[in-house]
Amino acid sequence: MLYFITSNNHKCAEIRKLTDIPIVQRDLSYPEIQADTLQEVAESGAEYCYPRLGEPCFVEDSGLFCDALRGFPGPYSNYVYRTLGCEGILRLVSQNRNAHFASVIAYHDGSEVNLFMGEIRGTLAETIKGEKGFGFDPIFIPEGETRTFAEMETEEKNLYSHRGKAFTAFISYLNQVR
Ligand code: IMP
């Protein structure tokens, strides 16, 4: 069993499809520090959560990085999604539509924090497409595809996604150490 500390049910549903290990979701409402990197945010989240839960656990921090905006919104993606939304991002980019998603999983095993990263490059769609998923899924087309994440089933998104890659790296680490 693994504790995943998140308030985001979508993230949890995606991760559950990637493993047979039971994933127990806990929402500890940990404070997300303001930092320039996902790594710092995730690491401080895991350090906050472990002593409160009293069990090994992981958190995940992710974001959308737009080339035209020099990586914005990046670690501020959650706030930017809530304020500008998908439409706002599409209005901000015009010529250069390249972007990537990144995910960092921070696992606190009771003595230390280990980080696992995943990235997927892609392009921003011209318009919002699809109803599945969450956040910026309707505007992100992963490399090698013509559809947005929001037009894919979870299993398919997982094959490409930043979170799928980070979580797969985490599971292979656990298989080595356990
Ligand atoms: P946080 O990891 O809770 O800080 O939130 C990251 C934000 O980035 C989310 O609220 C989404 O807006 C966006 N985001 C991260 N991963 C994804 C994804 O897989 N699909 C769509 N949006 C994402």
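Whatever order the structure lists them in is the order used to number ligands and atoms, beginning at 1.
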*Asks:* Under 6.0 Å between ring centres, would you say that holds for Tyr3 and Phe58?
*Replies:* no

*Asks:* Mind checking whether Glu14 has an N or O less than 3.5 Å away from an N or O of ligand 1?
*Replies:* no

*Asks:* To which protein heavy atom is atom 4 (O) of ligand 1 closest, and what is the distance rounded to 0.1 Å?
*Replies:* Asp61 OD1, 3.0 Å

*Asks:* Out of curiosity, is Leu64 lining ligand 1, as in a heavy atom under 4.0 Å away?
*Replies:* no

*Asks:* Tell me which protein heavy atom sits closest to atom 10 (O) of ligand 1, plus the residue, atom name and distance to 0.1 Å.
*Replies:* Asn78 OD1, 3.4 Å

*Asks:* May I ask whether Arg82 has any heavy atom positioned less than 4.0 angstrom from an atom of ligand 1?
*Replies:* no

*Asks:* Using 4.0 Å as the upper bound for N to carboxylate O, is an ion pair formed by Asp137 and Lys157?
*Replies:* yes

*Asks:* Counting each atom of ligand 1 from 1 as listed, which ones have a heavy atom of Lys157 under 4.0 Å away?
*Replies:* 18 (C), 19 (O), 20 (N)

*Asks:* Just by modelled atom types, is the Glu14 backbone N or O under 3.5 Å from a matching donor or acceptor in the Arg163 side chain?
*Replies:* no

*Asks:* Out of all atoms in ligand 1, which are within 4.0 Å of some heavy atom of Asp137? Include the element for each.
*Replies:* 18 (C), 19 (O), 20 (N), 21 (C)

*Asks:* In this structure, does ligand 1 have an atom that sits under 4.0 Å from one of the heavy atoms of Phe134?
*Replies:* yes

*Asks:* Could you tell me if any non-hydrogen atom of Lys11 lies under 4.0 Å from any atom of ligand 1?
*Replies:* yes

*Asks:* Do Tyr173 and Phe116 have ring centres separated by under 6.0 Å?
*Replies:* yes

*Asks:* Indicate the atoms forming the closest heavy-atom contact of Phe65 with Ala102, along with that distance.
*Replies:* CE1-CB, 3.7 Å

*Asks:* With a 4.0 Å cut-off on heavy atoms, is Asn8 touching ligand 1?
*Replies:* no

*Asks:* Using the ring of each side chain (for Trp, its six-membered ring), is Tyr50 parallel, tilted or perpendicular to His108, with breaks at 30° and 60°?
*Replies:* parallel

*Asks:* Heavy atoms only: which of Phe136, Tyr160, Tyr79 lies closest to atom 13 (C) of ligand 1?
*Replies:* Phe136

*Asks:* Walk me through it: do Glu60 and Ser103 pass the test side-chain hydrogen bond (donor to acceptor under 3.5 Å, both in side chains)?
*Replies:* CA-CA 7 Å; Glu60 191 259 11; Ser103 160; 2.7 Å; yes

*Asks:* Please work out which of Ser77, Ala42, Ser62 has its closest non-hydrogen atom nearest to atom 6 (C) of ligand 1.
*Replies:* Ser62

*Asks:* For ligand 1, which atoms, with element, lie under 4.0 Å from some heavy atom of Tyr81?
*Replies:* 12 (O)

*Asks:* Starting from atom 14 (N) of ligand 1, what is the nearest protein heavy atom, named by residue and atom, and what distance separates them?
*Replies:* Phe101 CE2, 3.8 Å

*Asks:* Given 3.5 Å as the limit, does a donor-acceptor pair link the side chain of Thr19 with the main chain of Ile15, or not?
*Replies:* no

*Asks:* To check your reading of the model: name the closest protein heavy atom to atom 16 (N) of ligand 1, its residue, and the distance in Å.
*Replies:* Arg163 NH2, 2.9 Å

*Asks:* Which of these passes side chain to side chain contact (heavy atoms under 4.5 Å, CB included) with Ile141: Leu124, Thr123, Thr146?
*Replies:* Thr123

*Asks:* Any idea which atoms of ligand 1 are less than 4.0 Å away from a heavy-atom of Glu32?
*Replies:* 1 (P), 3 (O), 4 (O)

*Asks:* Is a side-chain N or O of Lys129 found less than 3.5 angstrom from the main chain of Arg147, in a donor-acceptor match?
*Replies:* no

